[in-house]
Amino acid sequence: CRDVATRLLNINVPQVADFNLPSTTQICTGGTVQFTDASTAGAASYSWTLSGATPSTSTAQNPTVTFATSGTYNITLNVTYPDGCVRTVSKPYNV
């Protein structure tokens, strides 16, 4: 799958969903963190599942959340591209 712009320009830009974990190596419960989108190829929309966080879902490109309890949580990002393709990435995050 490639978005319309890359097909028209005949450029092979792979569609890859990715995000950066917060730069802080340790967060205390109740602390605020931001997850940063690092996806390629011009995504059209974002859908995050942020287990253990408040809020637990987001459609923001770079959501800011808080965690009420410590633990390891699975963070999932679904990226939808203009051509309808969906790419997914999940990473663990320690609080």
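Heads up: numbering here begins at 1 and tracks the sequence. Just so it is clear, the model here is predicted, and its values are computed rather than measured.
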key: Partners passing side-chain hydrogen bond (donor to acceptor under 3.5 Å, both in side chains) against T57 (at least two apart in sequence or in another chain)   = none

inquiry  = The criterion is side-chain hydrogen bond (donor to acceptor under 3.5 Å, both in side chains); which residues satisfy it with D18, sequence neighbours excluded?
reply    = K91

key: Minimal non-hydrogen separation, L50 against S58, with atom names   = CD1-CB, 4.1 Å

query = Side-chain contact, heavy-atom cut-off 4.5 Å: V33 with Y93?
reply = yes

request  = Please name all residues satisfying side chain to side chain contact (heavy atoms under 4.5 Å, CB included) with S47, sequence neighbours left out, ordered by chain then number.
outcome  = N78

ask   = Listed by chain and number, what are the side-chain hydrogen bond (donor to acceptor under 3.5 Å, both in side chains) partners of T59, not counting sequence neighbours?
value = none

ask   = Where the side chain of T80 meets the backbone of A44, is there a donor-acceptor pair that is under 3.5 Å apart?
value = no

inquiry  = Restricting to non-hydrogen atoms, name the atom on C85 and the atom on Q15 that form the minimum distance, rounded to 0.1 Å.
reply    = CB-OE1, 3.6 Å

message = So, using side-chain hydrogen bond (donor to acceptor under 3.5 Å, both in side chains) as the criterion, who are the partners of S90 when residues are at least two apart?
response = T76

note = Closest non-hydrogen atoms of A41 and P14, given as atom of the first, atom of the second and distance, are CB-O, 3.5 Å

request  = Output yes when a side-chain donor or acceptor of W48 lies under 3.5 Å from a complementary backbone atom of I75, and no otherwise.
outcome  = no

remark   = One should read off an interatomic distance between N20 CG and F35 CZ, to the nearest 0.5 angstrom, of 11.0 Å

inquiry  = I'd like to know if L21 and V16 are part of one continuous hydrophobic network [Ile/Leu/Val/Met/Phe/Trp/Tyr, side-chain heavy atoms within less than 4.5 Å].
reply    = no

note = Closest non-hydrogen atoms of N74 and P92, given as atom of the first, atom of the second and distance, are OD1-N, 4.3 Å

Under 3.5 Å, which donor-acceptor pairs link side chains of residues 62-70 to any protein atom two or more places apart or in another chain?
{"from": "N62", "atom 1": "OD1", "to": "D37", "atom 2": "N", "distance (Å)": "2.7"}
{"from": "T69", "atom 1": "OG1", "to": "Y73", "atom 2": "OH", "distance (Å)": "2.8"}

